[in-house]
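All residue numbers in this chain count up from 1 along the given sequence. Just so you know, these numbers use all the heavy atoms, side chains as well, and skip hydrogens, waters and symmetry mates.
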Amino acid sequence: VSHALLDAYFTAFAETVRPTPLVDGRRLMRDLGIPAGPTIGRLLRLIEESQAAGEITTAAEALALARAAYEAG
């Protein structure tokens, strides 16, 4: 495990490991018209991973990512 990763884990946990969610399941269901179910959980994990990696930073980006992933199957 890299020193940078360990350092980020202990000094910036909230920003890198468990950032504040950009959207929640209710918003995904409402904005994308997706029914409740395991797909919502998969999309939330995708959003969380992308956010932690710094690939997305806004709710709009999170919704766009989720929409693209949902439509791609």
For Ser50 and Leu65, which heavy atoms make the closest approach, and how far apart are they?
OG-CD2, 3.3 Å

Working to the nearest 0.5 Å, report the span between CG of Leu32 and OG1 of Thr39.
11.5 Å

What are the two closest heavy atoms between Arg27 and Leu63, and how far apart are they?
NH2-CD1, 3.5 Å

Do Asp31 and Val23 come close enough that some side-chain heavy atom pair is under 4.5 Å?
no

CD of Glu48 to OG1 of Thr20: how many Å apart, nearest 0.5 Å?
11.0 Å

In Å and rounded to the nearest 0.5 Å, what is the CD1 to CZ distance from Ile40 to Arg26?
11.5 Å

So, do Glu61 and Leu22 sit near enough that their side-chain heavy atoms are less than 4.5 Å apart?
no

Quick check: closest heavy atoms across Ala66 and Ile47, and the distance to 0.1 Å?
CB-CD1, 4.0 Å

